[in-house]
There are 2 protein chains.
Amino acid sequence: MVQRKAKQKTKQKGGAEWSHNHDHRLCIVDALDRAADLCAGRGARLTSIRRRVLELIWSSHRPIGAYSLLEVLKQERANAAPPTIYRALEFLLEQGLIHRIESQNAYIGCPNPDPDQQHKGMFLICTDCGNAVELEETKIDRLLRNSASNQGFVIESRTVEAAGLCPECQVS
Amino acid sequence: MVQRKAKQKTKQKGGAEWSHNHDHRLCIVDALDRAADLCAGRGARLTSIRRRVLELIWSSHRPIGAYSLLEVLKQERANAAPPTIYRALEFLLEQGLIHRIESQNAYIGCPNPDPDQQHKGMFLICTDCGNAVELEETKIDRLLRNSASNQGFVIESRTVEAAGLCPECQVS
DNA sequence: ACACAAATGTTATATTATAACAATTATAAA
DNA sequence: TTTATAATTGTTATAATATAACATTTGTGT
């Protein structure tokens, strides 16, 4: 088990997520550490390509497209091609380490990957700065399930993406 | 104002939406009538292409892709091309007559287009039969807005798509 | 009939994603 | 340690979705 700095980091609540000038290096390190732990625990192989793609995705809090990732990866691995990226994305999605933002055909790191099950996130996405924050709204999830259940529908997975202005971008 | 049969049709509540053998012709007629009314009221031009694309979208309750639409339209208009479809889709989206299902890159008719504002729907999509039903869950919407608001985030639009099994497809 | 704006036609291309098969690398059984 | 096997990556090609740009036609109001 990798010792992680994450344990020392106090997680702030309530909008701190939107701060445009946090120490983002910590986000990256934490994400990579968590990923390593999770994969180790599952016997899943976080190869160097996969690790690097995850790192690139975590290079910001903005969803990033497959071909943007490819552009960067190509500078390091001349033979990187679309399948290189898409395979890595597939793996990371399966492991619950990233989410796909359907409304943007883009990918974003999961800040809280669940060791037991991979969840689908709920996101607030700023139309101005592009940053996206994942919500953990069990209430909404429950309400949605109930609502579906009223029609006899059983939800297996869901996509919730809200676009708008983050607190920092409202000052205009 | 077009007289519509819709007014005679009693709308059933609670799962009737999933019935695989309703008289779908009524759905189509209603949708086209509503569209005509709405566009007339707005001075928007529901041209024959646009009308036909809307009709094709309403040919089922399954989200349909742009190129599937194009395939059909081509049989009627030899010179139909991708822009033909995408322009029609753009118009219909603007008028709130259809919704885009982000998780499928596909389009579906809006059963309840709002004369005043175009809303983004919330959908239950059956992974078996492919049918999708639009929810009107102001509660969920409110909860989502509140939850965003707690972070200082203002939602402008949202995507909610839940995949699972509809009542009819659960019997297996 | 004319002028203008809106809609459509047409060609080309951008963007996102997957198929198919070959080569390589890791793993663990013999 | 070698070898068999499965997993990963390389490579080429192509599918699927979407838009750009400019020409032409059609509709609308004057």
Side-chain angles (χ1 to χ4, degrees), chain A residues 35-36 39-57 62-95 97-108 130 159 161, chain B residues 35-36 39-57 62-95 97-108 130 159 161:
Chain A
C39 290
R42 288 169 181 163
R45 289 170 54 196
L46 187 62
T47 63
S48 69
I49 292 182
R50 292 165 174 175
R51 181 183 195 80
R52 180 65 177 131
V53 169
L54 180 59
E55 191 179 21
L56 291 175
I57 289 173
R62 284 181 293 283
I64 183 171
Y67 281 77
S68 299
L69 291 167
L70 180 55
E71 229 174 89
V72 182
L73 196 64
K74 256 184 175 162
Q75 295 169 6
E76 305 163 5
R77 297 183 158 257
N79 49 9
T84 315
I85 294 292
Y86 281 102
R87 285 166 182 159
L89 291 174
E90 188 186 14
F91 173 86
L92 297 170
L93 285 167
E94 273 169 1
Q95 298 300 321
L97 297 170
I98 63 173
H99 295 290
R100 179 179 157 84
I101 302 296
E102 302 289 351
S103 56
Q104 297 186 13
N105 298 332
Y107 305 84
I108 191 168
T159 295
E161 295 166 14
Chain B
C39 290
R42 288 169 181 161
R45 290 171 51 196
L46 187 61
T47 63
S48 69
I49 292 183
R50 291 165 175 177
R51 181 184 196 77
R52 181 63 178 134
V53 169
L54 180 59
E55 192 179 20
L56 291 175
I57 290 173
R62 284 182 292 282
I64 183 171
Y67 281 77
S68 299
L69 292 167
L70 180 55
E71 230 173 89
V72 182
L73 196 64
K74 258 184 175 162
Q75 296 170 5
E76 306 162 5
R77 298 183 157 256
N79 49 9
T84 314
I85 294 293
Y86 281 102
R87 284 165 183 160
L89 291 173
E90 188 186 14
F91 173 86
L92 296 169
L93 285 166
E94 273 169 2
Q95 299 301 322
L97 297 170
I98 62 172
H99 295 291
R100 180 181 155 84
I101 302 296
E102 302 289 350
S103 56
Q104 296 187 13
N105 297 333
Y107 305 84
I108 192 169
T159 293
E161 296 166 13

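Chain identifiers are assigned alphabetically (A, B, ...) following the order of the sequence lines, protein sequences preceding nucleic acid strands; residue numbering begins at 1 within each chain. Predicted model only: the values in this text are computed from it and were never measured.
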Kindly say whether [Y] contributes a backbone atom to a donor-acceptor pair with the side chain of [X] at under 3.5 angstrom?
X	Y	result
B/E161	B/E102	yes
B/R77	B/T84	no
B/R52	B/E76	no

Mind calculating the distance between [atom1] ([X]) and [atom2] ([N]) to the nearest angstrom?
X	N	atom1	atom2	value
A/R51	D/dT9	CZ	P	14 Å
A/F91	C/dT18	CZ	P	18 Å
B/I49	D/dG27	CD1	P	11 Å
B/R45	D/dT28	CZ	C1'	8 Å
A/I85	D/dT11	CD1	C1'	15 Å
A/L92	D/dT9	CG	C1'	15 Å
B/L70	C/dT10	CG	C1'	13 Å
A/E90	D/dA7	CD	C1'	13 Å

Minimum heavy-atom distance A/R45-A/F91, with the two atoms named
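What the structure gives for the nearest pair is O-CZ, 3.5 Å.
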Rounded distance [0.5 Å steps], CD1 in B/I101 versus CZ in B/R62
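Atom-to-atom, B/I101:CD1 and B/R62:CZ are 13.5 Å apart.
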Any A/R87 side-chain nitrogen or oxygen under 4.0 Å from OP1 or OP2 of C/dA17
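The answer is no; no side-chain N or O of A/R87 sits under 4.0 Å from OP1 or OP2.
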Identify which nucleotide among [options] has an atom closest to any side-chain atom of [X], counting heavy atoms from C-beta outward.
X	options	result
B/T47	D/dT28, C/dT8, C/dA26	C/dT8
B/T84	C/dT27, D/dG27, C/dG9	C/dG9
A/N79	D/dT8, D/dT11, C/dT8	D/dT11
A/R77	C/dG9, D/dG10, C/dA7	D/dG10

Check whether more than 12 heavy atoms from other residues, nucleotides or ligands sit under 6.0 Å from atom CD of A/E94, and answer yes or no.
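Atom CD in A/E94 is packed in, count exceeds 12.
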Find every protein N or O atom lying less than 3.5 Å from an N or O atom of nucleotides 12-18 of chain D, and list the pairs.
| residue | atom | partner | partner atom | Å |
| --- | --- | --- | --- | --- |
| D/dA18 | OP1 | B/R100 | NH1 | 2.5 |
| D/dA18 | OP1 | B/R100 | NH2 | 2.8 |
| D/dA18 | OP2 | B/Y86 | OH | 2.9 |
| D/dA18 | OP2 | B/Y107 | OH | 3.4 |
| D/dA18 | O5' | B/Y86 | OH | 3.3 |
| D/dA18 | N7 | B/Y67 | OH | 2.4 |
| D/dA18 | N6 | B/Y67 | OH | 3.3 |

Residue from B/V53, B/L54, B/I108 passing side chain to side chain contact (heavy atoms under 4.5 Å, CB included) with B/I98:
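Result: among B/V53, B/L54, B/I108, B/L54 is the only option passing the side chain to side chain contact (heavy atoms under 4.5 Å, CB included) with B/I98.
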